[in-house]
2 protein chains.
Amino acid sequence: MVVQRAPQGQLTDDEVDRIFRALADRTRRDIVRRTLVGEVSVSALARSYAMSFAAVQKHVAVLEGAGLVTKLPHGRERLVRGNPEAIVRAQVLLDQFEALWRDRVARLDALLAEDPPPTST
Amino acid sequence: MVVQRAPQGQLTDDEVDRIFRALADRTRRDIVRRTLVGEVSVSALARSYAMSFAAVQKHVAVLEGAGLVTKLPHGRERLVRGNPEAIVRAQVLLDQFEALWRDRVARLDALLAEDPPPTST
DNA sequence: TCGTTGTACAACCATCGGGTTGTACGTTAG
DNA sequence: CTAACGTACAACCCGATGGTTGTACAACGA
């Protein structure tokens, strides 16, 4: 899968879409957890879930497309390794959302701290 | 939409699915940003995007189902307000992923700090 | 060498998701 | 009162997704 990576640490909308989309499935979240702890082959992963090897393969592909996971060849198997940097990228996004809200709160606070406004209370 | 909320601060897999799914669309992310800054009516939101009112209505419904947004009646319109607490819940989830990785790093560090192992270097 | 294992990939199927249009109805403004 | 506005919801279209099975092939082990 050819994945467009953003040039300058900036994430494109498509990339953000892929990251959250990839995390919106419990099997994929589980795969991320397991491969963050240590490298696991695709077949080893497949044995853990009540679905076909091909299905797990697809999940890994989705995660790889989102940059949440990388696959490294090791003999005849592919070791899947979770990518903590992608997690951090997602965290940054949520931090930005939270910052917006904090700004609003700050503005409201500033407003209340002002001299009593001309409008009636 | 009837949404199952978790009993004790714990998020169910379904809830996590909905949160990330809801964030996996740029229009919905934009709605969250705008409604975190201040309350906006559905029709005001609809005017901002190149799609029908009904489409925006659906996006708001998805966000509401994920708990990322609440709708409060105000005369004939519904004001949409972003829910910062839901953002925090998502942040906690990502933090848990990151913690897994930090644990791995910590274990590796501990291993390296040990006495030289009996195996050859 | 040859069977087994691990992977890749295509084809197919059912469901879901994001979009549309159309209809109905409560609320507000003139 | 009546027209315009804001919302809700159903029906529909179609592409994406999550699953399946089947085939092909490279790598490993005995």
Side-chain angles (χ1 to χ4, degrees), chain A residues 1-4 12-32 34-35 38-66 68-81, chain B residues 1-4 13-32 34-35 38-81:
Chain A
M1 190 186 190
V2 179
V3 178
Q4 284 279 74
T12 68
D13 279 341
D14 284 324
E15 286 175 307
V16 180
D17 284 0
R18 279 195 293 267
I19 291 175
F20 284 126
R21 192 85 186 64
L23 290 173
D25 179 285
R26 65 204 64 189
T27 301
R28 288 197 290 262
R29 286 193 299 275
D30 198 66
I31 292 176
V32 170
R34 302 192 23 165
T35 57
E39 294 168 356
V40 192
S41 74
V42 180
S43 55
L45 285 172
R47 272 176 242 119
S48 309
Y49 307 106
M51 66 184 75
S52 69
F53 175 84
V56 173
Q57 216 178 6
K58 281 194 190 178
H59 282 306
V60 171
V62 170
L63 289 169
E64 196 179 17
L68 283 161
V69 128
T70 54
K71 251 185 324 185
L72 23 118
H74 186 258
R76 70 180 153 189
E77 50 192 354
R78 304 286 177 263
L79 297 186
V80 183
R81 162 158 45 184
Chain B
M1 190 184 191
V2 179
V3 178
Q4 282 283 72
D13 278 342
D14 284 325
E15 286 175 307
V16 180
D17 284 0
R18 280 195 293 266
I19 291 175
F20 285 128
R21 193 89 189 60
L23 291 173
D25 179 286
R26 65 204 64 187
T27 301
R28 288 198 289 263
R29 286 194 298 274
D30 198 65
I31 292 176
V32 170
R34 303 192 23 164
T35 58
E39 294 169 356
V40 192
S41 74
V42 179
S43 55
L45 286 171
R47 269 176 244 119
S48 309
Y49 308 104
M51 67 185 74
S52 68
F53 174 83
V56 174
Q57 218 179 5
K58 280 195 191 181
H59 281 308
V60 172
V62 170
L63 289 169
E64 197 179 15
L68 283 162
V69 128
T70 54
K71 251 185 321 185
L72 22 119
H74 186 258
R76 70 182 154 190
E77 50 191 355
R78 304 285 177 264
L79 297 185
V80 183
R81 164 158 42 184

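Note: hydrogens, waters and symmetry copies are ignored here, and every other heavy atom, side chains too, is used. Small disclaimer: the values here were computed from a predicted structure and weren't measured.
In this model, the phosphate group of dG18(C) is approached by a side-chain N or O of Arg28(B) to a distance below 4.0 Å at OP1 or OP2.
Nucleotides of DNA chain D nearest to Lys58(B) and Glu77(B) differ in position, and the one nearer the 5' end is that of Glu77(B).
Side-chain atoms of Arg28(A) never come within 3.5 Å of backbone atoms of Leu23(A) as a donor-acceptor pair (strictly under, hydrogens ignored).
Rounding to the nearest 0.5 angstrom, the gap separating the CG atom in Leu79(B) from the OG1 atom in Thr35(B) is 11.0 Å.
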Would Arg29(A) and Phe20(B) count as a side chain to side chain contact (heavy atoms under 4.5 Å, CB included) here? Give the steps. CA-CA 11 Å; Arg29(A) 286 193 299 275; Phe20(B) 285 128; 4.2 Å; yes
Salt bridge (charged side-chain N to carboxylate O under 4.0 Å, His left out) between Asp14(A) and Arg26(B), worked out: CA-CA 8 Å; Asp14(A) 284 324; Arg26(B) 65 204 64 187; 2.7 Å; yes
Quick one, Val60(B) with Arg78(B), criterion side chain to side chain contact (heavy atoms under 4.5 Å, CB included). Give me CA distance, side-chain angles, the key distance, then yes/no. CA-CA 11 Å; Val60(B) 172; Arg78(B) 304 285 177 264; over 6 Å; no
May I have the step-by-step check of side chain to side chain contact (heavy atoms under 4.5 Å, CB included) for Met51(B) and His59(B), ending in yes or no? CA-CA 11 Å; Met51(B) 67 185 74; His59(B) 281 308; 3.8 Å; yes
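Protein atom CD of Gln57(A) is 14 Å distant from nucleotide atom C1' of dG18(D), rounded to whole Å. Asp25(B) has its CG atom 12 Å from the P atom of dG17(C), to the nearest Å. Distance CG (Leu79(A)) to C1' (dT7(C)): 12 Å, rounded to an integer number of Å. For His59(A) and dA8(C), the NE2 to C1' distance is 17 Å, given to the nearest whole Å. In this structure, CZ of Arg18(B) is placed 14 Å from P of dC16(C), rounded to the nearest angstrom. Put simply, CG on Asp14(B) is 13 Å from P on dC16(C), counting in whole angstrom units. Separating the CZ atom of Arg78(B) from the P atom of dC5(D) is a distance of 18 Å, rounded to the nearest angstrom.
Contact check of residues 40-55 of chain B against DNA chain C (heavy atom, cut-off under 4.0 Å) returns Met51(B), Ser52(B), Ala54(B), Ala55(B).
Contact of the Arg34(B) side chain with the Leu45(B) side chain is registered, since non-hydrogen atoms from C-beta on lie closer than 4.5 Å. Val62(A) places none of its side-chain heavy atoms less than 4.5 Å from the side chain of Arg18(A). Side-chain contact check for Leu72(B) versus Arg81(B): some heavy-atom pair is nearer than 4.5 Å.
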What N/O pairs connect the protein and nucleotides 25-30 of chain D at under 3.5 Å? Give each pair on its own line.
residue : atom : partner  : partner atom : Å
dA27(D) : N3   : Arg76(A) : NH1          : 3.3

